[in-house]
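In what follows, a structure is listed as structure tokens, so that the remarks can point back to it.
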Amino acid sequence: MLLRREMGRRLRAARLSVGLNLEEAAARLEVAKSSLSRYEQGQGLVTVHHLRTMMDVYDQRFDDLMEMSRQARRKGWWKQYGISDSDFVALEAGASLISEYQLSFIPGLLQTADYAEALLRSGRRSRPADWIDNQLAVRLIRQERLTDEEHPLRLDAVIHEFALHYPVGGEHVMLAQLRHLALVTELPTVSLRVLPASAMAREGMYGGVIVLDFSSHSQPSILHLQHAVGHEHKGRGEQVREAKLRFEYLRSLALDDAQSLGLIERAADAL
């Protein structure tokens, strides 16, 4: 999905650079205007043949887009788990930085398997064992990005102190989870801060927020919202800007990394 969007932006810029509108370009490329529009919106995968024709019509070299087209045709690892290219997991796979605030729970990228399983089993609907196993496998694969040397993912996380005491899975599971948090804070890719209960901020009571940023400057940030009946992605600039401002405000109220670690360790000692 992200590769297609990036290709679409590049193709539209190339078309505009030679002063062609959609109808004119489509006629010269011998494709339907609707097809060209879908390509530029990242909703369709342009073929290598069409890319070669575009190089002639737009008088530009698209060697990098050729490779992107080939990559976009390869199935992402998430496909074998029944996850679509528009899902959060697929978007996260292309991100380079995640800024996340959570009120009640530990961020998924920092959860132990037992903690994650307890959450997955806590819903009002009973889930089959194979569904839970599938979800756990996906979560653990996602976490590998934090230690991936070739394509690392940085996580800047802020959690409310409440999340340290919410008894997910019981005392044994929570103790292991808190000890895990203390360990992952040593990773160079992870920054974890705790918003203390003493910090009064109504912005921190609205629930979680996740913003994905990408290494490509042409790929805009994506806001991921979780709510009671599902989740959704937002790409509009104003919404993303407000979400980033909210995150930075909460981060400024949180304890620093060392103080946060101390609070996590005290919460573990209290169990």
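It should be emphasised that the depicted structure is a prediction, and the values quoted were computed from it without experimental measurement.
Separation of atoms CD1 (I132) and CZ (R121) is listed at 3.5 Å; rounding is to 0.5 Å. In this structure, L103 CG and H160 NE2 are separated by 6.0 Å, a value rounded to the nearest 0.5 Å. The structure places CD1 of I210 at 10.5 Å from OG of S99, a figure rounded to the nearest 0.5 Å. From R9, atom CZ reaches atom CG of L11 across 11.0 Å, with rounding to the nearest 0.5 Å. Expressed to the nearest 0.5 Å, how far CG of L212 lies from CG of L91 amounts to 6.5 Å. Between L20 atom CG and L36 atom CG the span is 10.0 Å, to the nearest 0.5 Å.
Within the structure, every pair that satisfies the side-chain hydrogen bond (donor to acceptor under 3.5 Å, both in side chains) test and touches residues 129-141, not counting sequence neighbours, is listed here: Q111-R139.
Nearest heavy atoms, A93 versus W78: CB-CZ3, 3.5 Å. When all heavy atoms of E24 and G19 are compared, the closest pair comes out as OE1-O, 3.9 Å. Minimum heavy-atom separation, P152 to T189: CB-CG2, 4.3 Å. In this structure, A14 and Y58 approach most closely via the heavy-atom pair CB-CD1, 3.7 Å. What you find for A118 and G169 is that their closest heavy atoms are CB-CA, 3.7 Å. For the pair V211 and A243, the tightest heavy-atom approach, listed with the atom from each and the gap, is CG2-CB, 4.0 Å.
Side-chain contact check for L120 versus R127: every heavy-atom pair is 4.5 Å or farther apart. The shortest distance between side-chain heavy atoms of T185 and D257 does not fall below 4.5 Å. At least one side-chain heavy atom of K244 sits less than 4.5 Å from a side-chain heavy atom of D213.
Remark: side-chain polar atoms of S122 are paired, donor with acceptor, to backbone N or O of L119 under 3.5 angstrom. Side chain of S191 to main chain of D156: no donor-acceptor pair is present (N/O by atom type, distance under 3.5 Å, no hydrogens or angles). At distances below 3.5 Å, not a single donor-acceptor pair connects side-chain atoms of Q102 with backbone N or O atoms of P107. With hydrogens and angles disregarded, a donor-acceptor distance shorter than 3.5 Å links the side chain of R145 to the backbone of E92. Distance alone, capped at 3.5 Å, is enough to place a donor-acceptor pair between the Q177 side chain and the T112 backbone.
Note on L261 and L195: separate hydrophobic clusters, where clusters join Ile, Leu, Val, Met, Phe, Trp and Tyr whose side-chain heavy atoms are under 4.5 Å apart, directly or indirectly. L178 and L192 fall within the same hydrophobic cluster, where Ile, Leu, Val, Met, Phe, Trp and Tyr residues are linked whenever their side-chain heavy atoms come under 4.5 Å apart, directly or through other members. In the hydrophobic clustering of ILVMFWY residues, with side-chain heavy atoms under 4.5 Å counting as a link, L225 and L245 come out apart. Under a hydrophobic-cluster definition in which Ile, Leu, Val, Met, Phe, Trp and Tyr are linked whenever side-chain heavy atoms come within less than 4.5 Å, directly or via other members, L110 and L255 are assigned to the same cluster. Linking ILVMFWY residues whenever their side-chain heavy atoms come closer than 4.5 Å, directly or via other members, places V209 and Y249 in the same cluster.
Relative ring orientation between Y166 and F162 is described as tilted, the plane-to-plane angle lying within the 30° to 60° band.
Side-chain contact annotation: Q60 with S17, donor-acceptor N/O pair under 3.5 Å present.
Between T147 and the choices L187, V184, L153, the side chain to side chain contact (heavy atoms under 4.5 Å, CB included) rule is met once, by L187.
Crowding of R246 atom CZ: a count of heavy atoms from other residues, nucleotides or ligands under 6.0 Å exceeding 12. R142 CZ: more than 12 foreign heavy atoms inside a 6.0 Å radius. Enclosure of atom CG in D269 by more than 12 non-hydrogen atoms of other residues, nucleotides or ligands within 6.0 angstrom is indicated.
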TODO: Would you sort out whether Y39 and M54 count as a side-chain contact (heavy atoms from CB on, under 4.5 Å), showing the intermediate values?
DONE: CA-CA 12 Å; Y39 293 155; M54 288 175 180; 4.2 Å; yes
Task: Full working for side-chain contact (heavy atoms from CB on, under 4.5 Å) between L181 and L164 - done: CA-CA 10 Å; L181 283 184; L164 303 179; 4.1 Å; yes
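Between D256 and R193 no salt bridge is recorded (no basic side-chain N to carboxylate O distance below 4.0 Å). Of the charged side-chain nitrogens involved, at least one lies within less than 4.0 Å of a carboxylate oxygen, so that E238 and R241 count as a salt-bridged pair.
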